[in-house]
Q: 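Got a structure for you, written out below as structure tokens; questions coming shortly.
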Amino acid sequence: MLRHFVRLTRPSYRYASSSTKPWYVTTPIFYPNAAPHIGHLYSLVTADIFARYNRIKNPSRPVVFVTGTDEHGLKIQKAAKAQNLPPKDFCDVISQQFRRLSEEADISHTRFIRTSEQAHYDTVQSIWRDLDSQGLIYKGSYSGWYSVTDECFYTDAQVTHIPETPSSPARIIAKETSSPVEFSEETNYMFRLSSFREALLQHYTTHKDAIFPDAYQTYVLGILESPLEDISISRPHSRLSWGIPVPNDPEHTIYVWVDAVISYLTGIGYPWKDTGLSHGWPVDIQVIGKDIVRFHTIYLPAILLALNLPLPQRLLTHAHWTSSQKKMSKSLGNTTDPFQAMSEFGVDSVRYYLAKVGGRFRDDVDWSHIQVSKHDKELQALVGNLFMRVTSATMMSRVKEALENPEGSTELPEDLRTAFRELSDASAVLGSKVQESMDEMEVADALDSIVELLRLANKVLSDAAPWKNPLAHVSLESHRSCLEALRVSGICLQPFIPGVAVRLLDALGVPQEKRTLESVKETNTFEDVQVGTRLFGPRK
RNA sequence: GGCGGCGUAGCUCAGCUGGUCAGAGCGGGGAUCUCAUAAGUCCCAGGUCGGAGGUUCGAGUCCUCCCGCCGCCA
């Protein structure tokens, strides 16, 4: 007899941001059937921004950041076969590219998991047995349009009907590959997803901000307002051998997405001896792409409910990158190699672009070589040039002169006093503005606040014109207030462009322990400014 | 077909929760500076806010219809 597994009476775990458990963020686990692309980098950078942000927001709270590769499945099996490699060897190569991408993009992940790891393997089988013992798995039949050539099923939407012609009969083919398909049926293991519809609906009704942006919350609620059908979670071993075998049934292989989503648990050591809190569970932010929303908002939570585990706190769903307004596609030849982009523009300029342009999460965003180049220049001018203006030989000598003659007048014209006060006020509130935006997942707004402050600093410096103003005190005040703007900006820029931010803070002589969000409110004496530091690498 | 999202200056985008009835950056034109990483600052031009109705004292913002684009419907 089937147990009724809806747990409506059990409170969902909702930990406040001041919770002491480690803060946990994930990228989607990547499917390495080909080399990584800009979309993968976007997911990595997005997750990294939140990881780094939380490190400077709550320095005493550990941050756990899991990324990795999902290495089973038919596409990988076929890609390996095409290269005459065993799947494991193929995955070793491609997974290494993803790991290298993470490292070269300055991603501060704490764990790179691969679903081919033995511990993950064992845990997936263990979870399968658990679900099975609860009566949540049963054998059923799956039917659809099967392609012998492609060795897979297609849905109605994925096939098209070719009418009869004088030389050929009517037929149905797969849209993607044009291979002929025929309606077939096979036996698979099914998961009782339907049992969880009410609990899931309640969860998303109660937690209206579970998914960001709102449009995806609405989308998921719409799905859950209709009957939820059980889903197939296995494939015949004869067709899919590269995967985790179904326990006690070697003729079936666990479907790839099942073991993929379990990696968020195994990435932090599940099954735990305790509740998982000390390991970081539940996930605080789960970064996902819009193409995998169902897996992460419905299938995974259903499994978690079945395992009696709290659900992820929030999901951040990002859209895709287009290339000069066209969908990126290998067949179109308009994909961008992320390694090449980082090499050409610098890691931080690429991160800046991804965060600035991609940091609103509303819809697809455009990757354009011209736009990336412009953002690269903007960043260098905003941060690099401002630092050089403030620490120039002329400026430093004027400051020295002012310091050596403290009896000089400190009275400033009113317009300059107002300008300096405005800049100081803006510096003082930057931390709060960035925190407010980031806590609302508004990455682009946070970055815009920093840019605005740096622009204001450049303006005030031009207004004051200390390089020619006869009042020595103007030099001192300009120097001090612009360094302060750079300092607070440097602290706040760490999540977005960590390399430049660290070099800036080093050049300003900011101690390591004074680089937290809290430190923005404090003052700095700038006794150890390293004049002449170049914050950006050489340019062509 | 159903559901959801989008459409604002040449380009990329803010403007969600109705109120000095439209802004920013880039690009374009002009001026200025030369402290500075060929960088800075100032000014100007540029908009049927997809179209048509409606609600309202008032709508880019709410409602209806239409047009176009995108996504989902294991």
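Residue numbers begin at 1 in each chain, while the letters A, B, ... track the order of the sequences. A quick note: this is a predicted structure, and the numbers were derived from the prediction, not measured.
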Q: Could one point to a donor on the side chain of R534(A) or the base of rA36(B) with an acceptor on the other under 3.5 Å away?
A: no
Q: Does rG18(B) pair with anything, Watson-Crick or G-U wobble, both distances under 3.5 Å, and if so, with which nucleotide?
A: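 Its partner: none found.
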Q: Under 4.0 Å between any heavy atoms, over every strand shown, what does F295(A) touch: base, sugar-phosphate, or nothing? Just pick one.
A: nothing
Q: Could you give the distance separating rG46(B) and rG23(B) at their C1' atoms, to the nearest angstrom?
A: 13 Å
Q: For rC57(B) versus rA74(B), give the span between their P atoms, rounded off to a whole number of Å.
A: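 After rounding to an integer number of Å, I get 48 Å for this pair.
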Q: Rounding to the closest angstrom, what is the interatomic distance between rA52(B) and rA59(B) at atom C1'?
A: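 Between the two C1' atoms, the distance is 15 Å.
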Q: If we take the P atom in both rG53(B) and rG71(B), what is their distance in whole Å?
A: 32 Å
Q: Reckon L535(A) touches a base, only the sugar-phosphate, or nothing at all at heavy-atom distances under 4.0 Å?
A: base
Q: NA contact type, R235(A), heavy-atom cut-off 4.0 Å: base, sugar-phosphate, or nothing?
A: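 Base contact.
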Q: Provide the closest heavy-atom pair for A457(A) versus C482(A) in the form atom of the first, atom of the second, distance.
A: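 Minimum heavy-atom separation between A457(A) and C482(A): O-SG, 3.8 Å.
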Q: So, are R480(A) and E477(A) salt-bridged, with charged N and O less than 4.0 Å apart?
A: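 Salt bridge present between R480(A) and E477(A).
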Q: Across the strands shown, which category fits S232(A) at heavy-atom distances under 4.0 angstrom: base, sugar-phosphate, nothing?
A: base
Q: Is a side-chain donor-acceptor pair under 3.5 Å present for S43(A) with H318(A)?
A: yes
Q: Searching all strands shown, indicate the nucleotide that pairs with rG68(B) (Watson-Crick or G-U wobble; both distances under 3.5 Å).
A: rC6(B)
Q: Could you check which nucleotide pairs with rG27(B) in any of the strands shown, counting Watson-Crick or G-U wobble with both distances under 3.5 Å?
A: none
Q: Applying a 4.0 Å non-hydrogen cut-off, can you work out what E378(A) is touching in the nucleic acid: base, sugar-phosphate, or nothing?
A: sugar-phosphate
Q: Taking any heavy-atom pair under 4.0 Å as a contact, classify G384(A): base, sugar-phosphate, or nothing.
A: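 Base contact - G384(A) has a heavy atom under 4.0 Å of at least one base atom.
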Q: Check for me whether the distance between the ring centres of Y264(A) and H296(A) falls short of 6.0 Å.
A: yes
